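Remarks on the structure that follows.
It should be emphasised that the depicted structure is a prediction, and the values quoted were computed from it without experimental measurement.
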Amino acid sequence: MSVRGAVAAGTTAEAAAGTAAVAAPPPGPLLMGVRHHGPGSARAVLAALEAHRPAVLLVEGPPEADAVVDLAAHEEMRPPVALLAHAADDPGRAVFWPLAGFSPEWVAIRWALEHGVPVRFFDLPAAHTLAPGEAGGTREEGREGEEEVGEPSLDPLRVLAETAGHDDPERWWEDVVEHRGTPVRTAGGRPADPYAPFAALADAMTALREAHEGTSGIPPGTASGIPPGTASDGAGRRRDAVREAHMRLRLREARREFGDDRVAVVCGAWHVPALTARTTATADRRLLRGLPKVRVEITWVPWTNERLARRSGYGAGITSPGWYGHLFAAPDRPVERWMAEAARLLREEGRTASSAFSVSPAHVIEAVRLAGALAALRGRPLPGLGETVDAVRAVMCDGSDLPLALVHDRLVVGDALGTVPPDAPAVPLQRDLARLQRSLRLRPEARERELGLDLREANAAARSRLLHRLRLLGVDWGEPVRTRTGGTGTFRETWRLRWRPELSVRIAEAGVWGTTVAAASCARAEALARDAASLAETTELAERCLLAGLGEALPAVMRALTDRAALDADVGHLARALPALVRSVRYGDVRGTDAAALREVAEGIAERVCVGLPPACAGLGAAGAAEMRGHVEAAHRAVVLLGREELLTRWRSVLRTLAGRDRPPAVPGLLRGRCARLLLDDGRLPEDEAARLMGLALSPGAPPEDAAGWIEGFVADGGMLLVHDERLLALVDGWLAGIPEEAFTGVLPLLRRTFAAYEPGVRRTVGELVRRGARAPGGPVAAWEAVPGFGEEPDPERADAVLPTLRLLLGERGAGGGRDGTAGERVTAR
């Protein structure tokens, strides 16, 4: 039969289903070809199982899962979930088989378990799939972190749609299958022909395979239940041949045990013609002979809707799992119910708080009418996802895509995270993590959320240690977030949490380090210390150990840190390593850890930086000076945080030496200016001395490029120094005005880079001050007094005017803010 004939026959079968009497089951096994993650296929499977009542159910999947299939009936098992198989000695080699609540396989498994029907998986065993060099290939559609499904050059779903006269394969499939409601029933209430959809689809797939196998072939389908590699090349054909040979062998076993008419099969529609092919058991066993094999472990793990929507999932993924789940779960009026849910979501998220309209029941009614009208105009039997989304955008979102993005994330895709019973097989590390999650009340969620922790609280500190330990193990459940204050080493932390299914594989991989999170992270830290390639890497590891509360690992880390610090003579390496060490020293106060050994190493490194910095700064080029500037700033912050007065005095002496070294071997102007600015900010450089250094750096004899670098180092960090110190501004203005024309174009890029970093308000103020005339040091102040907001001395009366507002912000109502604080309230209101 041709492909066009098969599609036409399928349409005729569907039309006849409404008038026929109850159909007899087809002879032999009931072969139900499905589209993975299809709600229409799931409803059809359920109706066929109810009518056929088989004695055994075969499902596409690894036979190793037979040992854990009974957990699917557990009351704490809630989809989306996935079967996870991994090599016992290499957990990183893993394969997932995700299942949603609307997946035909999941619906069939639950029906069988509820009716006492044994379930057997009959695909190629994972022991072969995960073996290195496996002849039958690997299941890329299930493997995370491996090759993703590419765009097909020939999509079987598209071929069928185009044969039926449609240009959109997804839309055609939804109209024909996914939007199928309850099967047509006879007067007695029984399905008229629950087997017709599978017979029609089998005919179409048979014609399709006959027409295309052996040519350029059919590469991975996008969402049609067609596996990767199908007839696309020699390896793909070999892989499918091996898989389907094993399927036929398992099917023969079930038929011998239960009888031909008592077996039901649920598999991708593409495999149905292969299951009815005329082959011998001997030929099938020959294909399976000599396959490599490894020992595997298998279990259930939670899955997410977001992961189902990826193109690399089992069956190549779907784009709208939330919508498909709604279609499967809605007992009636799916469009009306979906519109009501969208309105509820927009109301709860405060969409109407800043809008001139509200999402009311009238909007729901109008959106439903519009979706129906769009479906009629587009020739669709029912409103699909495209029509409902267009109606929500036009009626509820006022044509805006911003609130529509929320509907897409929460309803079209969904943020569901499945759950697995605690007695499911798991590595000991996974069980310990689950115990900690329960005790710390830190539940995994698929939706991204921020978690603020006050480390002074016992529970928050324990949560912080757990998240840091998991990061050491490569399980990035949480990611530290820099807060607005930008501080590190304080008593507050902010984390961005999001649980992803592949973290289950990471936990299995990390199980080689220990059976508990604490022991595994400690062993992992010691291994990282042995393998660290640089001093900065080792100091960062020491910091992470303190953050994670791994006191047991610190001796090994400290030994590695001391050895590398003693052998490393590069000042840049030492300066780059110092900040992490100092932060770790400060954590000892907040987290209750002993950081005395770290302080000793940090002070030793700081001493070596003081000795080696002056010669390291001499004779540097522009790129080297810019890099060294970062090292100087980092070392300065670290020395100040250490708080050791003797060391701080020595460091400031080094800065003063660098700030004044303008003769050979000269220090670049960028570094001299930066050192002068650091001393000025610390109050260790008088303003007169700063003006003198600037005058020397900007003297007519100084090279313009060096002078521009000095300015860049000195007036960086926002430019407020020039706004509030008129003498320095006058020096810069005078130097800039005196640059010869031929040299000006050479220094202009440096100046633009410096002043472009200022805030627009700062640039505007500096320009206004220059326009009005900045006075020279010691000059008259009359010009400055004319500038609003600037004066020689602070104005106490104007400063006191902000006190009521400050008291109100700080919670001191009524104190100095007028009677009962009303004056402060009026100030705030204005």
What residues form a side chain to side chain contact (heavy atoms under 4.5 Å, CB included) with [X], not counting sequence neighbours?
| X | answer |
| --- | --- |
| Pro118 | Val56, Phe258 |
| Ala553 | Cys522, Ala525, Glu526, Cys545, Leu550 |
| Val272 | Leu31, Ala202, Cys267 |
| Val107 | Ala42, Leu46, Phe328 |

4.5 Å side-chain heavy-atom contact, Val263 and Leu30 |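 Heavy-atom side-chain distance check fails, nothing below 4.5 Å.
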Under the ring pair (Phe, Tyr, Trp, His ring centres under 6.0 Å) rule, collect the residues that match up with Trp495, sequence neighbours excluded.
->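 Result, ring pair (Phe, Tyr, Trp, His ring centres under 6.0 Å) vs Trp495: His468.
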With sequence neighbours excluded, residues passing ring pair (Phe, Tyr, Trp, His ring centres under 6.0 Å) with His115 =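 Applying ring pair (Phe, Tyr, Trp, His ring centres under 6.0 Å) to His115 gives Trp111.
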With sequence neighbours excluded, residues passing side-chain hydrogen bond (donor to acceptor under 3.5 Å, both in side chains) with [X]:
| X | answer |
| --- | --- |
| Asp89 | none |
| Asp66 | Arg250 |
| Arg337 | Asp332 |
| Asp454 | Arg456 |

Just grab all the side chain to side chain donor-acceptor pair (under 3.5 Å) pairs involving residues 507-517, residues at least two apart or on different chains.
->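 Residue pairs with at least one partner in residues 507-517: there are none.
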Residue pairs fulfilling side chain to side chain donor-acceptor pair (under 3.5 Å) with at least one residue in residues 72-82, sequence neighbours excluded =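 Non-adjacent pairs meeting side chain to side chain donor-acceptor pair (under 3.5 Å): zero.
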Arg443 atom CZ: more than 12 heavy-atom contacts under 6.0 Å =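 No - once you tally the heavy atoms of other residues, nucleotides and ligands closer than 6.0 Å, there are 12 at most.
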After noting the C-alpha distance and the side-chain angles of Met339 and Val392, does the key distance pass the side-chain contact (heavy atoms from CB on, under 4.5 Å) rule?
-> CA-CA 7 Å; Met339 292 296 185; Val392 169; 3.5 Å; yes
Trp303 and its ring pair (Phe, Tyr, Trp, His ring centres under 6.0 Å) partner, picked from Trp499, Trp106, Phe96 |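 When Trp499, Trp106, Phe96 are each tested with Trp303, the ring pair (Phe, Tyr, Trp, His ring centres under 6.0 Å) holds only for Phe96.
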Over all atoms of both residues, closest heavy-atom pair of Trp338 and Leu411 =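 Of all heavy-atom pairs spanning Trp338 and Leu411, the closest is CZ2-CB, 4.0 Å.
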